[in-house]
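All values below come from the heavy atoms of this structure, side chains included, with hydrogens, waters and symmetry mates left out.
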Amino acid sequence: MRRRSLLLAVPAGLVTLAGCGDDNKSEKAKSSSSPSPSASASSVPPPKIVDGPLPAITAGTKFGEKPTVAKGSGAPSKDLAVRTVIAGNGGTVAENDYIQASYLGQVWDTAKVFDNSYDRKTSLVIQLAQGGIIDGWRYGLVGKKVGSRVEMAVPPTWGYGTRGNTQAGIKGTDTLVFVVDIENTFNAKSSAKGKDVAQNDKALPKVGTNTDGKAPSIDVPKATAPTKLVADYVIEGDGEEVKADSSVLVQYKGVLWDGGKEFDSTYSRGQLTSFSLQQVVKGWGQGLTGKKVGSRVLIVVPPALGYGDNPPSGSGIKKDSTLVFTVDILAKM
């Protein structure tokens with residue numbers, strides 16, 4: 001099982017497709033081992049941000065390299081200390097964005113490393129939202145640019161509070177030092193990035209190829225719906241391939257084959273969605289498996305791989321409906 005990051009403030013609630021409520025509860029249950037800060041840690045006022053003191057990075061000084069960080073010298077600041085070690089020139093991180101980052105965390109007084117993603121060789125993808133991550137990250141990384149390496153010293157007030165985190169060996173008095181390499185940022189305007197793929201089959205829906213963050217069009221033909229799953233590239237990215245047990249961050253839009261009426265969309269909600277492919281309808285799991293991050297995919301889901309004769313109440317989906325989706329795979333989590 002993939003180890004979850006210790007940075008989560010609360011278990012990551014996955015927003016799955018409509019009608020997957022039971023699977024959503026299952027995912028929450030599986031993630032319940034994720035540590036949570038004390039309630040007071042999420043209700044404190046914003047910190048004053050200062051530029052130090054911060055311990056030296058003594059090795060692994062390049063962006064993307066696992067850093068070695070010295071032990072803290074003297075007493076740490078009671079404020080949130082933040083320093084941009086390497087300034088990137090990519091997009092600017094905003095509050096409530098999802099970020100993709102590699103990081104290392106250690107205790108100020110002992111230099112004990114309690115968590116790092118470099119050894120796992122898997123970047124963290126997480127939303128900088130209240131209640132979703134420790135406040136030190138939420139306040140310290142906003143305004144930074146993609147490509148930046150940021151070092152932070154986070155007092156308990158904006159970390160795990162007075163209770164600490166026993167799972168990580170963090171006491172309620174520990175100031176935490178983080179080095180964060182910001183690799184990417186995503187928000188409600190994010191889209192696929194790649195090469196357009198020809199859509200020549202007139203018996204299949206045609207999906208728009210715009211990448212301006214607006215919902216792509218889906219033109220459903222006046223033809224009989226396919227009885228087998230369709231999962232075709234509209235835009236082919238060049239990222240890592242998604243596996244059957246992967247979790248992904250996506251933009252998507254779903255319409256009914258009959259009539260083309262929209263029934264669900266992240267674009268309409270103005271909010272990205274993340275989920276495990278094991279927690280959604282089979283057509284999604286099978287359709288996205290093997291596809292590359294950065295891609296836009298047309299998925300046509302026959303009833304047997306969708307909701308069949310038990311569609312979610314209030315969704316507008318009738319029994320035995322064929323569903324059509326356009327999905328932008330923004331990141332693998």
Side-chain angles (χ1 to χ4, degrees), residues 1-5 7 12 14-17 27 63-64 88 90-91 93 96-103 117-118 120-128 145-148 180-199 207-216 229-254 265-267 271-301 325-333:
M1 180 181 292
R2 180 173 63 92
R3 183 187 172 196
R4 297 182 64 83
S5 166
L7 291 169
L14 300 184
V15 185
T16 58
L17 293 177
E27 178 63 20
F63 183 91
V93 176
N96 294 316
D97 280 2
Y98 284 82
I99 62 164
Q100 183 170 8
S102 294
Y103 68 94
S117 66
Y118 300 95
R120 293 194 292 272
K121 302 186 184 305
T122 302
S123 301
L124 172 71
V125 178
I126 197 166
Q127 189 177 19
L128 295 182
K145 292 185 177 294
V146 171
S148 296
V180 183
D181 289 335
I182 306 173
E183 299 160 359
N184 213 335
T185 185
F186 308 97
N187 57 38
K189 298 297 184 183
S190 295
S191 292
K193 294 180 180 179
K195 293 178 61 177
D196 292 359
V197 176
Q199 302 178 68
V207 177
T209 56
N210 58 296
T211 56
D212 55 1
K214 296 180 181 179
L229 177 70
V230 174
D232 293 342
Y233 282 121
V234 176
I235 298 173
E236 184 173 358
D238 60 2
E240 185 179 359
E241 286 189 1
V242 174
K243 297 180 181 179
D245 61 350
S246 294
S247 292
V248 290
L249 178 69
V250 301
Q251 288 264 43
Y252 73 88
K253 172 181 168 182
S265 171
T266 57
Y267 301 95
Q271 186 175 13
L272 304 180
T273 289
S274 62
F275 52 77
S276 165
L277 294 190
Q278 296 179 323
Q279 301 297 318
V280 290
V281 293
K282 291 180 180 179
W284 267 65
Q286 295 176 18
L288 293 182
T289 297
K291 295 299 189 283
K292 299 174 186 175
V293 171
S295 299
R296 176 170 296 165
V297 183
L298 163 69
I299 305 179
V300 181
V301 182
F325 294 94
T326 172
V327 185
D328 283 14
I329 310 170
L330 303 178
K332 181 179 172 183
M333 303 179 76

Exercise. Rounded to the nearest 0.5 Å, how far does OH of Tyr267 lie from OG1 of Thr326?
Worked result: 5.5 Å
Seminar exercise, completed: Pro216 and Gly208 have their tightest heavy-atom pair at CB-O, 3.5 Å
Problem set entry | Leu330 CG to Leu249 CG distance, which is reported to the nearest 0.5 Å | 5.0 Å
Exercise. Mind checking what makes side-chain contact (heavy atoms from CB on, under 4.5 Å) contact with Ser191, not counting sequence neighbours?
Worked result: Thr211, Arg296, Asp328
Seminar exercise, completed: Looking only at heavy atoms, the pair that brings Ala331 and Val125 closest together is CB-CG2, 4.1 Å
Exercise. Considering only heavy atoms from C-beta outward, does the side chain of Asn187 approach that of Asn96 to under 4.5 Å?
Worked result: no
Exercise. Does Ser117 have any side-chain contact (heavy atoms from CB on, under 4.5 Å) partners at least two apart in sequence or in another chain, and if so, which?
Worked result: Ser102, Tyr103, Arg120
For this session: To the nearest 0.5 Å, tell me how far Gln278 CD sits from Ser246 OG.
Result: 9.0 Å
For this session: Could you list the residues that satisfy side-chain contact (heavy atoms from CB on, under 4.5 Å) with Lys282, not counting sequence neighbours?
Result: Gln286, Leu305
Problem set entry | Residue list, side-chain hydrogen bond (donor to acceptor under 3.5 Å, both in side chains) with Ser148, at least two apart or on another chain | none
For this session: For Thr266, check side-chain hydrogen bond (donor to acceptor under 3.5 Å, both in side chains) against everything at least two apart and list the hits.
Result: Gln251
Seminar exercise, completed: Contacts of Asp245 meeting side-chain hydrogen bond (donor to acceptor under 3.5 Å, both in side chains) (sequence neighbours excluded), chain-then-number -> none
Problem set entry | Spatial distance of atom CZ (Phe275) from atom CH2 (Trp284) [nearest 0.5 Å] | 4.0 Å
Seminar exercise, completed: One should read off an interatomic distance between Leu277 CG and Thr289 OG1, to the nearest 0.5 angstrom, of 5.5 Å
Exercise. Are any non-hydrogen side-chain atoms of Thr209 and Gln199 less than 4.5 angstrom apart?
Worked result: yes
Problem set entry | Value rounded to 0.5 Å, distance of CD in Glu183 from CD1 in Ile99 | 9.0 Å
For this session: List in chain and number order the residues that pass side-chain hydrogen bond (donor to acceptor under 3.5 Å, both in side chains) with Tyr98, two or more places apart in sequence or in another chain; answer none if no residue qualifies.
Result: none
Exercise. Can you list every salt bridge (charged side-chain N to carboxylate O under 4.0 Å, His left out) pair that touches residues 187-197, not counting sequence neighbours?
Worked result: none
Donor-acceptor contacts, no H, no angles, side chain residues 232-244, under 3.5 Å, sequence neighbours left out:
unit_1	atom_1	unit_2	atom_2	d
Tyr233	OH	Lys292	N	3.1
Glu236	OE2	Lys292	NZ	3.0
Glu240	OE2	Lys332	NZ	2.9

Problem set entry | Closest heavy-atom pair and its distance - Val250, Val248 | CG1-CG2, 3.7 Å
